[in-house]
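Presented below is the structure to which this report refers.
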Amino acid sequence: MLAEPCDVCGVRPAKYYRSYSGERLCERCLFKAIEGLSSRSLSRAKPRESSTFLVPITASMPTASLLAARVLSSVERRFKSNIVVAVPTFYEEGLALEGCDTRCRRVRVKVLPSPPSHEDMIACIRYDRAWSLQLAARLGADVVVLPLSRTDLTLTMLESLLGGRRCGISEAMQLFEVNGIKVINLFSLVEREAVAAMEFLDNVVDMVRPACVPKVSVKGVYMSVAGRPEMDYGALAIAERLGESFTTRCRVCGGFTSKARAVCSYCERLGLESLRVEVLPE
């Protein structure tokens with residue numbers, strides 16, 4: 001039986017059913033939808049025409065990071081921006097950057113300490129942001145691009161509030177700035193299921209396994225409260241409002257921390273006070 005046509009273009013066969021809208025989308029129209037929402041997210045960072053973006057292949061979401069590099073390349077194709085994709089040594093050296101613009105420059109980096117094999121979601125995000133910020137400062141990048149979706153941000157907010165770790169609300173924010181470097185979650189307006197579908201259609205979903213598998217303890221709560229994809233839009237506004245009450249930042253990852261701490265408990269646990277990022281020769 002032939003597949004139904006895409007509801008947007010009406011020509012190509014649909015490959016993805018978007019549950020919250022009821023749309024059936026082909027691969028190209030799904031990518032365009034993700035690209036459009038990602039462009040809106042990116043605009044919040046107010047990049048310059050010649051900005052340098054750093055896309056780290058993260059320990060916790062490597063395939064989403066690969067997709068982020070491709071989407072960013074497409075969004076920025078009209079500008080003079082530079083895109084640097086950082087591949088840590090805890091992944092294969094030959095990791096392909098399919099679909100990226102020729103302006104994408106790949107750098108190989110060694111990060112010490114290496115990521116733990118399993119950690120809670122907030123710790124995973126802080127680990128990746130910490131080494132990315134150190135590398136961005138060294139390379140002169142203006143914006144660090146992380147791949148968290150709006151569903152991931154909602155889960156992180158629930159982890160923070162329900163787990164009694166209010167400082168973790170910084171990891172649920174769409175835009176974060178540390179020492180003049182902006183950190184944007186590119187897919188913060190896109191539901192996780194759409195990102196996962198695009199990863200599958202791009203054939204990157206099985207390309208690499210996470211070096212650090214994030215543990216999420218609030219999935220049951222999420223499914224009962226905000227389980228439908230359209231229900232978690234409000235999480236961004238809630239996280240930003242709560243974030244206004246914090247004034248102290250961890251000097252390593254930039255995340256919120258208590259006034260008594262110069263380094264947050266997550267970075268202490270992961271040994272990131274001695275974090276070192278080395279750019280390897282090409």
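Starting from 1, each residue takes its place in the sequence as its number. For the numbers below, each heavy atom of this structure counts, side chains included, while hydrogens, waters and symmetry mates do not.
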query: Do Leu280 and Glu278 come within less than 4.5 Å of each other through their side chains, counting heavy atoms only?
result: yes
query: Any donor-acceptor pair under 3.5 Å linking the side chain of Asp128 with the backbone of Ala59?
result: yes
field: Arg12 side chain vs Glu27 backbone, donor-acceptor pair below 3.5 Å
entry: no
- prompt: With a 4.5 Å heavy-atom cut-off, do Val145 and Leu54 have their side chains touching?
  reply: no
- prompt: Which ring pair (Phe, Tyr, Trp, His ring centres under 6.0 Å) pairs, counting each pair once, include a residue from residues 47-75, with sequence neighbours left out?
  reply: none
Polar side-chain atom of Ser74 near backbone of Val71 as donor-acceptor pair, under 3.5 Å: no
message: Test: salt bridge (charged side-chain N to carboxylate O under 4.0 Å, His left out). Region: residues 46-59. Which pairs qualify, not counting sequence neighbours?
response: Arg48-Asp142
- prompt: Of the options Ser132, Pro147, Pro88, which is the one that meets Pro56 in a side-chain contact (heavy atoms from CB on, under 4.5 Å)?
  reply: Ser132
- prompt: With a 4.5 Å limit on heavy-atom distance, are the side chains of Ile83 and Leu72 in contact?
  reply: yes
message: So which atom in Ser245 and which in Arg166 form the shortest heavy-atom distance, rounded to 0.1 Å?
response: OG-NH2, 3.3 Å
- line: Sorted by chain and residue number, the ring-ring contact (aromatic ring centres under 6.0 Å, His included) partners of Phe256 (sequence neighbours excluded) come out as Phe176, Phe246
- request: Check whether any side-chain N or O of Ser65 sits under 3.5 Å from a backbone N or O of Met61 as a donor-acceptor pair, and report yes or no.
  value: yes
- prompt: Is any side-chain heavy atom of Cys212 less than 4.5 Å from a side-chain heavy atom of Ser117?
  reply: no
- prompt: If only atom types and distance count, is the side chain of Arg24 paired as donor or acceptor with the main-chain N or O of Ala14 below 3.5 Å?
  reply: no
task: Find out whether Asn82 and Arg105 are in side-chain contact, i.e. whether some heavy atom of one side chain is under 4.5 Å from a heavy atom of the other.
output: no
- prompt: Below 4.0 angstrom, N of the basic side chain to O of the carboxylate: do Arg126 and Glu171 qualify?
  reply: yes
field: Ser188 side chain to Ile184 backbone, donor-acceptor under 3.5 Å
entry: no
message: With a 6.0 Å cut-off (strictly less than), is the heavy-atom count around CZ of Phe200, excluding the residue itself, greater than 12?
response: no
task: Please name the pair of heavy atoms, one in Cys26 and one in Cys6, separated by the smallest distance, quoted to 0.1 Å.
output: N-SG, 3.4 Å
- line: In short, Ala211 meets Tyr91 closest at the heavy-atom pair N-OH, 3.2 Å
- prompt: How close do Ile169 and Ser160 get, heavy atom to heavy atom, and via which atoms?
  reply: N-OG, 3.2 Å
field: Under 3.5 Å donor-acceptor, Ser38 side chain and Ile34 backbone
entry: yes
message: Taking the side chain as everything from C-beta on, heavy atoms only, tell me whether Val84 gets closer than 4.5 Å to Thr52.
response: yes
query: So, do Leu201 and Lys15 sit near enough that their side-chain heavy atoms are less than 4.5 Å apart?
result: yes
query: Closest heavy-atom contact between Val111 and Thr89?
result: N-OG1, 4.4 Å
- request: Mind checking side-chain contact (heavy atoms from CB on, under 4.5 Å) for Thr248 and listing every partner two or more places apart, or none if nothing turns up?
  value: Thr257, Lys259
query: Do Val195 and Leu67 have side-chain heavy atoms sitting under 4.5 Å apart?
result: yes
- request: Taking side-chain contact (heavy atoms from CB on, under 4.5 Å) as the test, write out the residues that go with Pro113, two or more places apart.
  value: Leu272, Leu275
- prompt: Take atom CZ in Arg28; do more than 12 heavy atoms of anything else shown fall under 6.0 Å from it?
  reply: no
task: Please identify each residue that fulfils side-chain contact (heavy atoms from CB on, under 4.5 Å) with Ser265, with sequence neighbours left out.
output: Arg261
- request: Answer yes or no: does atom CZ of Arg269 have more than 12 heavy-atom neighbours from other residues, nucleotides or ligands under 6.0 Å?
  value: yes
message: Set out, in order, the CA-CA distance, both residues' side-chain angles and the distance that settles side chain to side chain donor-acceptor pair (under 3.5 Å) for Glu193 and Tyr16, then state yes or no.
response: CA-CA 10 Å; Glu193 64 176 34; Tyr16 170 67; 3.1 Å; yes
query: Under 3.5 Å, side chain of Asp120 to main-chain N/O of Ile122, donor-acceptor pair present?
result: yes
- prompt: What heavy-atom pair brings Ile181 and Ala141 nearest, and what distance separates the two atoms?
  reply: CG1-O, 4.1 Å
message: Under 4.0 Å between a side-chain nitrogen and a carboxylate oxygen: does that hold for Glu199 and Arg192?
response: yes
